[in-house]
Amino acid sequence: MAGCRGSLCCCCRWCCCCGERETRTPEELTILGETQEEEDEILPRKDYESLDYDRCINDPYLEVLETMDNKKGRRYEAVKWMVVFAIGVCTGLVGLFVDFFVRLFTQLKFGVVQTSVEECSKKGCLALSLLELLGFNLTFVFLGSLLVLIEPVAAGSGIPEIKCYLNGVKVPGIVRLRTLLCKAFGVLFSVAGGLFVGKEGPMIHSGAVVGAGLPQFQSISLRKIQFNFPYFRSDRDKRDFVSAGAAAGVAAAFGAPIGGTLFSLEEGSSFWNQGLTWKVLFCSMSATFTLNFFRSGIQFGSWGSFQLPGLLNFGEFKCSDSDKKCHLWTAMDLGFFVIMGVIGGLLGATFNCLNKRLAKYRMRNVHPKPKLVRVLESLLVSLVTTVVIFVASMVLGECRQMSSSSQISNDSFRLQVTLEDVNSSIKTFFCPNETYNDMATLFFNPQESAILQLFHQDGTFSPITLALFFALYFLLACWTYGISVPSGLFVPSLLCGAAFGRLVANVLKSYIGLGHIYSGTFALIGAAAFLGGVVRMTISLTVILIESTNEITYGLPIMITLMVAKWTGDFFNKGIYDIHVGLRGVPLLEWETEVEMDKLRASDIMEPNLTYVYPHTRIQSLVSILRTTVHHAFPVVTENRGNEKEFMKGNQLISNNIKFKKSSILTRAGEQRKRSQSMKSYPSSELRNMCDEHVTSEEPAEKEDLLQQMLERRYTPYPNLYPDQSPSEDWTMEERFRPLTFHGLILRSQLVTLLVRGVCYSESQSSASQPRLSYAEMAEDYPRYPDIHDLDLTLLNPRMIVDVTPYMNPSPFTVSPNTHVSQVFNLFRTMGLRHLPVVNAVGEIVGIITRHNLTNEFLQARLRQHYQTI
């Protein structure tokens with residue numbers, strides 16, 4: 001980022017301290033992105049780059065606008081709708097692929113092992129069955145871990161990374177084709193391997209990758225995939241498509257297109273409008289019905305029936321016809337739901353706290369070691385999980401009587417499907433006829449089948465079994481989330497919470513005597529409470545669960561439960577995704593700042609130590625600036641000197657820069673004169689007077705003298721806006737208060753592109769002789785522009801001059817040094833900015849604000865410094 005210095009110390013190595021660590025202030029730790037030892041927190045790092053949602057209105061872009069008309073605009077919009085539809089279809093097909101092979105591998109594994117268990121239970125060779133199960137699980141998990149070694153970003157659910165991307169942070173490699181392949185294949189191996197993970201979370205990441213890559217019609221991983229499609233080559237368009245892809249992933253996972261749209265809105269998209277809402281909803285619908293069409297046809301042979309809307313199907317909640325007292329829920333149950341929400345929030349906070357400590361332990365002791373150690377950790381988790389599943393299913397279960405309602409047929413096709421799924425997943429290990437093993441039914445099944453059991457099985461589960469299952473699943477799921485395999489958290493949280501809710505229903509029925517309770521409702525509310533306590537989502541999760549149950553009457557209890565769970569959990573810590581975002585040191589911007597932050601101004605948080613370029617700069621200077629800094633944008637400025645005439649003599653480069661500045665000032669003066677003839681404020685009155693003199697003057701020399709007088713008056717040092725924090729103690733007074741007239745911003749990628757393509761002119765020539773690049777040529781290398789260190793300097797003449805003015809953004813958003821932080825924050829986040837220059841009343845740049853200057857940690861450090869100076 002502009003004005004940001006690179007970090008010298010790694011933020012993840014807690015055991016390795018920098019030599020000056022003991023003497024650094026909290027502000028310095030925040031700037032460097034290091035660990036604050038008193039709180040043991042990882043602070044935002046500086047090596048993350050922001051996306052640029054603001055358009056660069058430079059000359060090449062204006063040339064494109066000149067060729068645009070309404071017909072081309074409508075054609076461009078139609079292409080967008082077609083691309084959005086293609087993203088939804090492709091996301092649904094990715095979900096179909098993952099679901100098909102997970103189901104295939106899981107049926108193969110459980111079919112072989114269950115047959116072995118039934119035979120060995122009579123022969124006494126259960127150890128052989130355990131070895132078979134271990135062989136399947138360890139093989140699948142090993143393959144999933146190997147894929148993560150190929151692309152480390154594919155680990156986990158990907159939701160924290162996509163949340164960061166939608167928030168405006170460019171996470172390296174997060175939306176590449178290789179990431180999608182490793183994610184899709186890896187998640188089917190990790191789920192089939194028996195780990196307590198889900199495939200729904202990675203579906204969101206997969207949809208986002210499809211949304212990012214499909215509109216580009218090219219691939220960096222597979223360079224042969226490249227078409228001449230110059231549209232959508234900007235961060236602005238790309239982030240819109242990523243929003244649509246992420247929403248399509250949610251819709252495909254849960255059959256919830258509206259919930260997917262709200263998820264994309266709630267979980268980070270800082271810029272939103274009505275047009276984007278329609279496109280995202282259309283993309284979500286496309287994904288849902290694509291997956292529904294193919295799954296219904298493949299599983300039931302009824303093509304076009306649309307019976308399976310998502311990867312996770314909750315089934316239909318309906319009381320038995322024989323139980324006249326049963327109701328899905330009553331007003332009296334709301335009190336129990338509130339209590340369950342409180343408990344779910346506490347359990348979620350505990351889960352997040354334990355997982356955070358595990359993640360920190362991995363960062364200290366696992367990640368620094370060879371990559372093979374990560375694979376061994378995944379195999380260890382798989383080994384322990386498999387042994388626990390097998391032993392608990394064989395030893396800890398109780399034989400429970402099957403409910404007679406399981407054999408009752410129903411006219412509803414969907415309910416029949418649910419009952420068939422429930423009945424087919426019942427396990428009778430070591431139990432006599434007409435009974436089933438409740439622990440094996442929960443553990444020795446795919447997680448989706450176990451959820452259906454808890455939601456719809458009318459037969460009772462032992463309270464002891466439910467308590468043991470919840471405790472074991474809670475601990476193992478907490479240990480599993482964060483290992484080096486693609487893994488989701490939605491399904492494990494739902495299953496864990498459903499066991500908790502079913503346990504509450506059993507206690508209320510058996511020990512308090514509330515016979516009207518429907519156990520499936522309490523299992524659903526328990527699942528919502530625990531999931532809400534872990535992820536802290538409210539609006540989107542409410543709609544997702546309502547759409548998944550297809551029961552609108554559950555809207556009120558689900559919403560109340562999620563709100564209470566979120567409020568309770570927020571009292572102790574953040575949601576699991578926010579925790580992992582913080583552990584990665586990503587500078588995430590919240591929806592708004594805290595109230596007390598308005599005590600700060602833009603001048604308090606800006607970076608005053610600027611690295612800038614001139615409108616006309618030698619190649620030697622540009623290469624030096626680009627190679628010695630890590631900034632991603634540079635202000636284009638001209639200096640205000642008191643002896644400009646002397647500087648102009650005999651130096652074409654300086655003369656060009658001074659002429660550009662004067663022409664800019666005269667243009668601005670003419671505009672102000674047209675707007676108003678009665679301006680009294682400084683410097684507008686001076687500009688107006690100077691313009692009046694310019695119009696009535698007959699000799700150019702007098703114009704130069706008047707302009708020079710104005711510049712000399714402006715050269716008087718302006719008041720220090722940050723008296724307690726000078727940029728550098730070594731600066732002279734002239735350097736510290738050097739006025740720099742601001743003309744625009746130019747990106748690092750633009751400068752490198754100009755150098756690579758030889759856009760320059762010699763000192764003996766006019767700047768008009770410099771070659772011009774079109775918009776398509778400037779965006780040709782998007783999103784991976786060439787690096788300055790890969791540039792062959794022997795091909796460049798260091799004395800040549802580059803005129804950057806046609807390619808800079810001459811009208812970026814700017815703020816005054818006295819602007820309150822809340823206004824700065826809202827402007828930066830709402831408009832999706834990357835850099836925000838701070839310009840004073842006379843058009844001189846005094847600092848620059850980036851995402852890192854607006855993180856909560858940085859603002860807190862500045863606020864503490866503000867209190868100390870009062």
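Everything numeric in this text was worked out from a predicted model, so none of it was measured. For the single chain, residues carry numbers from 1 onward in sequence order.
Interatomic distance, T480 OG1 to E377 CD, rounded to the nearest 0.5 Å: 9.5 Å. Atom CG in L495 sits 10.5 Å away from atom CG in L452 (nearest 0.5 Å). Considering OG of S145 and CD1 of I150, their distance stands at 11.5 Å, rounded to 0.5 Å. Note: L334 CG to I525 CD1 = 9.0 Å, rounded to the nearest 0.5 Å.
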Next item on the list: Run the numbers on F572 and L346 for side chain to side chain contact (heavy atoms under 4.5 Å, CB included), then give the verdict.
Entry: CA-CA 8 Å; F572 298 97; L346 293 174; 3.4 Å; yes

Next item on the list: Test side chain to side chain donor-acceptor pair (under 3.5 Å) on T441 and Q453 and set out the steps.
Entry: CA-CA 8 Å; T441 299; Q453 286 286 341; 5.6 Å; no

Note to self: Could you go through I579 and N355, starting from their C-alpha distance and side-chain angles, then the distance that decides it, and tell me whether this counts as side chain to side chain contact (heavy atoms under 4.5 Å, CB included)?
What the structure shows: CA-CA 9 Å; I579 287 176; N355 189 262; 5.9 Å; no

Checklist line | CA sep, side-chain torsions, deciding dist, call: L146, F142, side chain to side chain contact (heavy atoms under 4.5 Å, CB included) | finding: CA-CA 6 Å; L146 287 182; F142 178 72; 3.4 Å; yes

Note to self: salt bridge (Lys or Arg N to Asp or Glu O under 4.0 Å), that's the test. Do E161 and R584 meet it? Break it down for me.
What the structure shows: CA-CA 9 Å; E161 291 83 359; R584 288 169 172 81; 2.8 Å; yes

Checklist line | I204 and F490: CA distance, side-chain angles, deciding distance, side chain to side chain contact (heavy atoms under 4.5 Å, CB included) verdict | finding: CA-CA 11 Å; I204 301 172; F490 273 94; 4.3 Å; yes

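In this structure a side-chain-to-backbone donor-acceptor pair under 3.5 Å is present from R536 to N573.
Aromatic ring pairs are classed by plane angle as parallel below 30°, tilted from 30° to 60° and perpendicular above 60°; the pair F530 and F474 is perpendicular. Under the 30°/60° scheme for interplanar angles, the aromatic rings of F140 and F105 are found to lie parallel.
When L489, V250, I159, V491 are each tested for a side-chain contact (heavy atoms from CB on, under 4.5 Å) with E200, only one passes: V491. Exactly one residue among V564, I558, T521 makes a side-chain contact (heavy atoms from CB on, under 4.5 Å) with F337. That residue is T521. If you run ring pair (Phe, Tyr, Trp, His ring centres under 6.0 Å) between F469 and each of F500, F443, F444, only F443 comes through.
Here the closest heavy-atom approach between residue G260 and residue A247 is recorded as O-CB, 3.2 Å. Residue C182 comes nearest to E151 through the heavy atom pair SG-CB, 3.8 Å, listed as atom of the first residue, atom of the second, then distance. Across all non-hydrogen atoms, the minimal contact from S519 to K509 is OG-NZ, 3.4 Å. K183 approaches S206 most closely through the heavy-atom pair CG-OG, 4.0 Å. V148 and P486 get closest at one heavy-atom pair: CG2-CD, 3.4 Å. Scanning all heavy atoms of the two residues, the minimum distance from P492 to V197 falls at CG-CA, 3.6 Å.
Atom CG of L383 is surrounded by more than 12 heavy atoms from other residues, nucleotides or ligands within 6.0 Å. Around OH of Y554, the count of heavy atoms belonging to other residues, nucleotides or ligands within 6.0 Å exceeds 12. The number of heavy-atom neighbours closer than 6.0 Å to CH2 of W567, taken from other residues, nucleotides and ligands shown, is 12 or below.
Note: F185 and F97 meet the aromatic proximity criterion, with ring centroids under 6.0 Å apart.
No side-chain heavy atom of T542 sits less than 4.5 Å from a side-chain heavy atom of M563. S484 is not listed as a side-chain neighbour of L149, based on a closest heavy-atom distance of 4.5 Å or more. In this structure, the side chains of Q447 and L494 stay at 4.5 Å or more apart for every pair of heavy atoms. Side-chain atoms of L143 and L147, non-hydrogen and from C-beta on, never get closer than 4.5 Å to each other.
Electrostatic pairing of E448 and R103 does not count as a salt bridge here, judged by no charged N lying under 4.0 Å from a carboxylate O.
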